[in-house]
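Bear in mind the structure is a predicted one, so any value in this text is a computation, not a measurement. Throughout, a chain's letter reflects where its sequence line sits, starting with A, and its residues are numbered from 1. Side chains are part of it too, since the values below use all heavy atoms of this structure and drop only hydrogens, waters and symmetry mates.
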Amino acid sequence: MAAGNRLAAGGRIDRSKPLHFTFNGKAYTGFQGDTLASALLANGVRLTARSFKYHRPRGIVGAGVEEPATLVELMGDDASGNRPATTVPLTEGLAAKAVNCWPSLAFDIGAVNQLASRFIPAGFYYKTFKWPNWHLYERPIRKAAGLAAAPSEPPSKGHYETRYGHCDVLIAGAGPAGLMAALTVARAGLRVMIADEGCEAGGSLLSRRLTIGGTDAMEWVDATFAELNAMPNVTHLQNATVWGYREHNYLMVTERAPANPSLLERTWRVRAGHVITATGAIERGLVFGNNDRPGVMLASAVQAYVNRYGVAPGKRAVIFTNNNSAYAVAADLAAAGVEVRAIADSRDAVPDEARAIVPGIEIMAGKCVTEAQGTRQIRSVAVAAKTGGSARILSCDLLAMSGGWNPTVHLWSQSRSTLRYDDPLATFLPDTPAQPISAAGAANGALTLQDALRSGAEAAAQIAGTTPPDIPDAPDLPYAMEPLWRVETAKGKAFLDLQNDVTVDDIHLALREGYSNVEHVKRYTTGGMGFDQGKTGNINIIGTVALAQGLAMDQVGTTTFRAPYTPVSFGAIGGLREETVALPYRHTPITEWNLAQGAFMYEAGARWRRPGYFPRAGEGLQEATNRECRAVRFGVGVYDGSPLGTFELKGRDVGRFLDYLYSNVMSSLKPGNGRYGLMLSDDGLIMDDGVCFRLDDHRWIVSTSTGHADAINGHMEEMLQTRFPEWNVFITTVTSQWNNATICGPKAREVMAALGTDIDLSPEAFPFMTVRDGTVAGLPARVVRVSFTGELSFEVNVAPRHMRALWAKVMEAGAPFGILPVGSEASHVLRVEKGFLSLGHEVDGTVDAYDLGMGWAMSKKKSDYLGKRAVQIRREGAAPRRELVGVIPEPDRQIPEGAPLTPGGRREKTEGFVTACVWSVVHERWVGLALLEGGHARHGETAHVRLKGGEVIPVRVTAPCHYDPDGDKLRS
Amino acid sequence: MMQIPCPFCGPRNESEFSFGGPVKPPRPDPSAVSDEDWTAWLTQVPNPLGPVQEQWWHVRGCGTWLTIWRDTRTHDIVEAPDGGR
Amino acid sequence: MPYDVTFERLETQALHDLKGPREALAAWAGDALPPFPDQPNTKTEAGGATLMFIGPDHWLLRADLTREGTLDAALRPAEAPPEISLVRVSDTLAWFRITGPDAAEVMAVACPMDLHTSRFGPDGAGFTEAFGLKALVTRCADGFDLAVEQSFGPMVADYLTRVIS
Amino acid sequence: MQRYSAFSLLRHGINRHTTWAPAWRSPPLKDRYDVIVIGAGGHGLATAYYLAKEHGLTNVAVLERGWLGGGNIARNTITIRSNYMRDASIPFYVKSVALYEAMTRELNFNMMHSKRSMIDVIQNYPMMRDRRRRQHIMDIYGSTYEQISEAEVRRRIPALTGGGPDARLPVVGGYVHTDAAINRHDAVAWGYARAIDAMGGEIHQQTPVTQLLRGADGRIEGVETPRGVIRAPKVAVAVSGHTTTLTETVGLKLPLRTMNLTAFVSEPVKPLVDVIVNCPDAGFYLSQSDKGSLVIGGAPDPGQSFRRDIKQTVFEDTVSAMLSLFPSFKKLKFLRQWGGHLDIAHDASPIQDETDVPGLFITAGWWGGYKAIPAGGLTLAHLVATGRPHPLMEPFGINRFRHLDYVMETGTTTAR
């Protein structure tokens, strides 16, 4: 291997499985078990990124989700942008490139921003780019922003899935604390789910050289999983991030590599009785001059590369720390044969136990790195006393820094549980839980192995109600630290947020300009608002603000932790809900027949997919609609009315119940008869119109409009259950128990006769608004004489299992009479000709029954019904009413639906609008309906439609009914 | 996604329910109240920063209209403020 | 491997919706019904019919479609007293049977309810949500029966096909 | 006020930016003002600005519970538009859009106002009718709305590759509202704050009002805060979501309820969508910020809520609706989410009026109130200063509920 940074032995990589990959077009080789980051380091690639604003050279800083510097874009089948290189598992053929640099990583034109950096401090764009306007600057700025390009195609194969999960205890994190907790609750018989974000379980143990119970810690991990996986009450999800913590202990877990090979990713929505966050801790960086140069890395990341991946990220290392944990890193580096020049420790007193594990390595107590030197790769660092003074230059190609540890409290905080600032650890720790949640291990501030194991066991035992198990012996270096928020003697740009290029100077500028709240600082400087959401840098920002303002850390406070913990692909959230199942859809049994006829189908309320019209060759919407309308007006048509909401009501009190729900009186209906009615809300607004039929003394059928069926069902149940629980009424939804073919037109009775029925069809025996049960075409049927077209109609209801047969027989029996199927468009025309109202057209939430000329539907007899009082109050007001009228365009032309009416057609406040305008096949001209101020008194007048652009169309105002005003046809 | 206790079915996912609004005082007799009281009853609902009593319809379950007290700050389902229920 | 399950759409089942006090229903139609289940969202079976307790004072009787006429005759919906309601609703539901080792996994994609045997036993039967719709879930041998409002049948078939592909 | 310009950046850059003055001061809190505005969000700040600018009222304190600009102005989807349906609404929003367009120069603060059109993507015929209805009435008030074909929708939004003829809801066309824009919400808050400060107004952060105070004559007298009682003959409440919490302290009930509306953003990516995309049938809208993130919003949560979180169901509905039209976004990543609470009036239209407590003014019910900020401030300042409603706000008085004379912009009440 070219650069030879791979150690001769060790690590959890499989050296027998080499993998080929490219980065920025150049070919490299790594091993199974590598991440892209470890493989790049193994190949000696140090410059891996350019920064967002100044385009400074950057390298790999971390080893996990905290990575702030190296984001890559993956290409090919894996195409996705903005992936931290540290979280991309290496696969054969992987192709990656650095984001945010042009034309190339080594020669990046945007780097000129470095020269201008003095003039583009935090928030500079608020102060400039104003002349002549923002648009001049916006396009190039948008291009410069935005990191990676978005994938241009959806995944070519596989799909995403979302599913539900349930458990007694969900454990986030399979490190030492999480595993110990899982073992404890699983042995107690609870249903356990353990989810870990890594490719491999073990958490920090993967990167450290530790023993548990006298053997290698990873052997303990393997043994623990062997026991857990043998238990039926344990679900283990690896490569699975718990990223969202919702109300009522509902959590989101996304698996990136589910066992089912059809699945790209799978999201579990888990309802957990209790949650244990064993999410570990993230190391924070230190803030000194040029702390962003390639070769400056988190100490824990260096440790991971050496121990887990068998990679030496440098040949000569300096350690800079304020705590003990970096001493173990120094020891591990030395053991791997890397020269450790010195450990600069900002503490004046270095604990003996730390000194003891780094024999032979120079320890510079009370010293800080003030500056990293070198541009594309560090060459040396300057070390000086904390208080200043002359610096010593140490040549090195690796600086491992450790600013202490931040427990990963993201999930804890998302659950609304509180945090407290802990002085000894100089960090925010879990405090009061707001939901059934516990924190364990490093996530709870237990920063040594033995403590972490104990903390996991204790949290779990408390939930299970058992005594904690014995903790195996697990020696570890005790943890101690002294906070160092920034090196005050730093030289050069000292970065707090590498991803958004936020420096200490930026924070100071924000404070100087009055942006003093930490939320202002964050927004003005954009610190902590990058892809990494400030996982390594936020606390240093808070520390810098606290120092500058002379406040305590908890007075400054944290910014809010919000989901997701790490970014999640939208595909994994949407799951299978895509394409045809993106929204529910409903079919009647004759959908296939409609499609076979070439019907133009679309959704028309309540998720029903229905035929709009049935075009024949060469016909458009208008021609087909005219033909269907003519069939109904002059011959016969048939309409599938199945989607109408239908309810069977039973009981002694149905009559008075309906009297309360409808504005007119229903209780006086005789068996076999029906009535049209309006249902109002108590606000006096029209909720629905429908028809009630009384079958016998105690059984009724209520039908509602298609679109409101579910809402009316809820409304009826609410009134019954909450207002009149003592009333004897039962409501059963029978919408799908009855399908219907509505045969309508002057020849409808002849078609009925041809179908064959035992019902007497004569108008005397079977008048309008009555219902009869019998057989039609040999099928058990309920026939209702209602009409939504103004023509003689028979609504033939049968069970859906018979609907196809009925339809075929209707078409057959109707053929000699020229029967045609009728779609929604023709139905619309027919009801407009007739002046029948339609919810959503004439009823738009502003009109009442009187406005619609239906004052007869507002019962005067009933002392109370829903909406009565509200309508009275509203009508007593002074506001002018818009009333339903017919309109005849003069000259004869179509008026767009919704076109406003204004006084004289002038450009001023409207006095109404045209609700519908259709080609009338009986008048052979355009006719319409409108809501017009004072319209009832304006019949015969001319009103004016004003179109966009100023065109004015005069319309003659008429009564709303354009056809058969006396209703002779529908009663015939 | 809350978990709502249904008196018939036990705790169920919020997605099985349809929100039915906060519980208002009983509907006054419309013929016995002033216009002002009537419109106030119609248009005003309790909007507390804290527990609110509200109705949910278990539309995808047993069909029950039920009442819960829910804290609008946290979405926790709580006992009634007076400790009843 | 993808989920090890099969699903089939069952034919129409004979269904009667029964509402009212249990005693009144038993008095009217007791002989035609299996014993009333005591626990909410459970079922009892007898003589080829299943009686499910699906809501307060609310039961659903399920049988093979061939028995629909017999049950109609026994239940006499049109003659029942006002204290109870009996309505034939056979056509309102579309039925699916999901069986196989991974049946529970597929149900977990569809349904938010905890169907673990400790929570939803062999006699479990009740309405919940599936694919965002109101759905009746019952256990059957080696799996589950899932029923949704009949007009949504094609959509659920579409969805299930996607889950198992 | 220190002028901001490219030249001033150069000049201060030479001094290493140590010579910038604070954008606003933190003056001592007095115990009496002419007007107290509660809430240093968009509407409160705009009101204080116009009180000073239009009416010369500068003895004004804006009291803010948290940090200025930290209310809903920090939690919205920054969409500015005027495509409404009713005579009552359109002219108001037309005015607001015009004020936004002039704001960068007026405040000498770059709002990054990006007039980039909103395209309503229509996927069903009933919605086409609803939108068609708007275009003619909008024209009367000078707002633009043009129908475009499906092909044109796709040409202008190349990433929109879903919604084909076999889709669950096929795209059938669109409407373009060219006046629509996005801008930078922080700039609006900070720009107003700086201007208020320069004209002599005061902004007091971390000053929560715990109680409104009423005099013996029933008039408003002032407010109580942890920093003491502050008196003023006029108090304007501009605290979206918390209006009733405050007014109930003087026994005032209002037809308002508080809801949570969530939004979320994607990872930042290179330019992908150049317009604001609104999909009313699918139920979501999105735009791409200048920083590269897609900003996405959907429906409100069911039920009242003061919790600024996201409902997983609402979130999933929004995401799958988006993916059905933008399938390539499946591999795009979700980066951050938040919720904001706002109050909605019984008829879902805003309320701006003097209340039954003389001297106490409210501006509330701003459902999508970001776009209304400048005009809402202009009209409230007019009302507070003159005692008469601004003509643009006349239809939105509180008395409409006494006559049940609702302004039905959405065609529905919030009865639930």
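Contacts between A:F52 and chain D at a heavy-atom distance below 4.5 Å are absent for every atom of the residue. The contact between D:L68 and chain A is made by backbone and side chain atoms together, counting heavy-atom distances below 4.5 Å. Of the two parts of A:E265, neither the backbone nor the side chain holds a non-hydrogen atom closer than 4.5 Å to a non-hydrogen atom of chain D. With a 4.5 angstrom heavy-atom cutoff, A:Y250 touches chain D only via side-chain atoms. In this structure, chain D has heavy atoms under 4.5 Å from both the backbone and the side chain of A:A79. Both the backbone and the side chain of A:L947 come within contact range of chain D, with heavy atoms under 4.5 Å apart. Both the backbone and the side chain of D:D290 come within contact range of chain A, judged by heavy atoms closer than 4.5 Å. Only the backbone of A:A148 comes within contact range of chain D, judged by heavy atoms closer than 4.5 Å. Contacts between D:T161 and chain A at a heavy-atom distance below 4.5 Å are absent for every atom of the residue. At a 4.5 Å heavy-atom cutoff, the contact between D:S266 and chain A is made by backbone and side-chain atoms alike. There is no contact between D:Q123 and chain A, counting heavy-atom distances below 4.5 Å. Contact of A:T902 with chain D is made through the side chain alone, with heavy-atom distances under 4.5 Å. Both the backbone and the side chain of A:N82 have a heavy atom closer than 4.5 Å to some heavy atom of chain D. Only the side chain of A:R416 comes within less than 4.5 Å of a heavy atom of chain D; its backbone N, CA, C and O stay farther away. For chain A, no part of D:Q2 is nearby; none of its heavy atoms comes within less than 4.5 Å. With a 4.5 Å cut-off on non-hydrogen atoms, D:I203 does not touch chain A at all. Contacts of A:R881 with chain D are absent, with no heavy-atom separation under 4.5 Å from either backbone or side chain.
Listed here is the closest heavy atom pair of A:R523 and D:D186: CB-OD2, 3.4 Å. D:L169 and A:E603 make their closest contact through CD2-OE1, 3.8 Å (heavy atoms, listed as atom of the first residue, atom of the second, distance). For D:I140 against A:P900, the heavy-atom pair with the smallest separation is CD1-CG, 4.0 Å. Nearest heavy atoms, A:G949 versus D:D139: N-OD2, 3.0 Å. Smallest separation of non-hydrogen atoms from A:P567 and D:L335: CG-CD1, 3.8 Å. Of all non-hydrogen atoms in A:G574 and D:L323, the two that sit nearest each other are CA-CD1, 4.2 Å.
Interface check for chain D: of the options A:R609, A:E876, A:M252, the most heavy-atom pairs under 4.5 Å are formed by A:M252. Here D:P327 is the residue among D:G292, D:P327, D:G66 with the most heavy-atom pairs under 4.5 Å with chain A. For the set D:L10, D:D166, D:L272, the entry with the most heavy-atom pairs within less than 4.5 Å of chain A is D:L10. Between chain D and the residues A:V945, A:T580, A:T846, A:T910, the most heavy-atom pairs under 4.5 angstrom are made by A:T910. Most heavy-atom pairs under 4.5 Å with chain D: of the set A:S516, A:S80, A:G81, this distinction falls to A:G81. For chain A, the option among D:Q135, D:R308, D:Q337, D:M322 with the highest count of heavy-atom pairs below 4.5 Å is D:Q337. With chain A as the partner, the residue from D:P126, D:P271, D:A189, D:A167 showing the most heavy-atom pairs under 4.5 Å is D:P271. Heavy-atom pairs under 4.5 Å with chain A were tallied for D:Q288, D:M112, D:K291; the largest tally goes to D:M112. The candidate from A:P155, A:G612, A:A604, A:A879 with the greatest count of non-hydrogen atom pairs under 4.5 Å with chain D is A:P155. No other option in A:E579, A:E247, A:R139, A:R946 has as many heavy-atom pairs under 4.5 Å with chain D as A:E247. Between chain D and the residues A:G877, A:P151, A:P896, the largest count of heavy-atom pairs under 4.5 Å involves A:P151.
In this structure, the side chains of D:S5 and A:T128 stay at 4.5 Å or more apart for every pair of heavy atoms. Annotation: side chain of A:E513 is not in contact with side chain of D:R194 (no heavy-atom distance under 4.5 Å). Contact of the D:Y4 side chain with the A:K130 side chain is registered, since non-hydrogen atoms from C-beta on lie closer than 4.5 Å. Between A:I573 and D:E316, the closest side-chain pair of non-hydrogen atoms falls below 4.5 Å. Contact check for D:H12 versus A:F119: no side-chain heavy atoms found under the 4.5 Å cut-off. The closest side-chain heavy-atom distance from D:N110 to A:K127 is not below 4.5 Å. Looking at A:H520 and D:W190, their side chains come closer than 4.5 Å, going by heavy atoms from C-beta outward. D:I310 has its side chain out of reach of A:R562: every pair of non-hydrogen atoms, C-beta onward, lies at least 4.5 Å apart.
Between the side chain of A:K948 and the main chain of D:T144, no donor-acceptor pair closer than 3.5 Å is present. Between the D:K270 side chain and the A:A145 main chain, a donor and an acceptor come within less than 3.5 Å of each other. Looking at D:H17, its side chain never comes within 3.5 Å of a backbone N or O of A:I120 through a donor-acceptor pair.
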Checking ring pair (Phe, Tyr, Trp, His ring centres under 6.0 Å) for the pair A:F570/D:F329: CA distance, chi angles, key distance, verdict?
-> CA-CA 7 Å; A:F570 282 118; D:F329 291 1; 7.5 Å; no
Test log, rule side-chain contact (heavy atoms from CB on, under 4.5 Å), inputs D:I137 and A:F913 | CA-CA 9 Å; D:I137 188 168; A:F913 70 101; over 6 Å; no
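Checked for salt-bridge contact, A:D505 and D:R16 miss the test: no charged N lies under 4.0 Å from a carboxylate O. The pair A:E578-D:R168 does not meet the salt-bridge criterion, since no charged nitrogen lies less than 4.0 angstrom from a carboxylate oxygen. Salt bridge absent: D:D87 and A:K909 never bring a charged side-chain N and a carboxylate O closer than 4.0 Å. At a threshold of 4.0 Å, the pair D:K331-A:E153 does not count as salt-bridged, since none of the basic side-chain nitrogens sits closer than that to a carboxylate oxygen. Contact check on A:R142 versus D:D274 returns a salt bridge, with a Lys/Arg side-chain nitrogen under 4.0 Å from an Asp/Glu carboxylate oxygen.
Using modelled atom types, one finds no donor on one side chain facing an acceptor on the other under 3.5 Å when comparing A:W134 with D:N183. Side-chain atoms of A:H841 and D:R129 include a donor-acceptor pair closer than 3.5 Å. In this model, a donor atom of one side chain and an acceptor atom of the other lie less than 3.5 Å apart for D:H346 and A:D683. Residues A:R246 and D:Q312 have side chains that bring a donor and an acceptor to within less than 3.5 angstrom of each other. For the residue pair D:R184 / A:Y126, a side-chain donor-acceptor distance below 3.5 Å is found, with atom types taken as modelled.
Ring geometry for D:Y125 against A:Y602 counts as tilted: the plane angle lies between 30° and 60°, on a 0 to 90° scale.
The side-chain tip of D:R336 does not point at the ring of A:F531 from less than 6.0 angstrom away and within 45° of straight on.
For the side-chain hydrogen bond (donor to acceptor under 3.5 Å, both in side chains) with A:E138, the lone residue among D:R116, D:K115, D:H113 that qualifies is D:R116.
A centroid separation of 6.0 Å or more is found between the aromatic rings of A:Y515 and D:W67.
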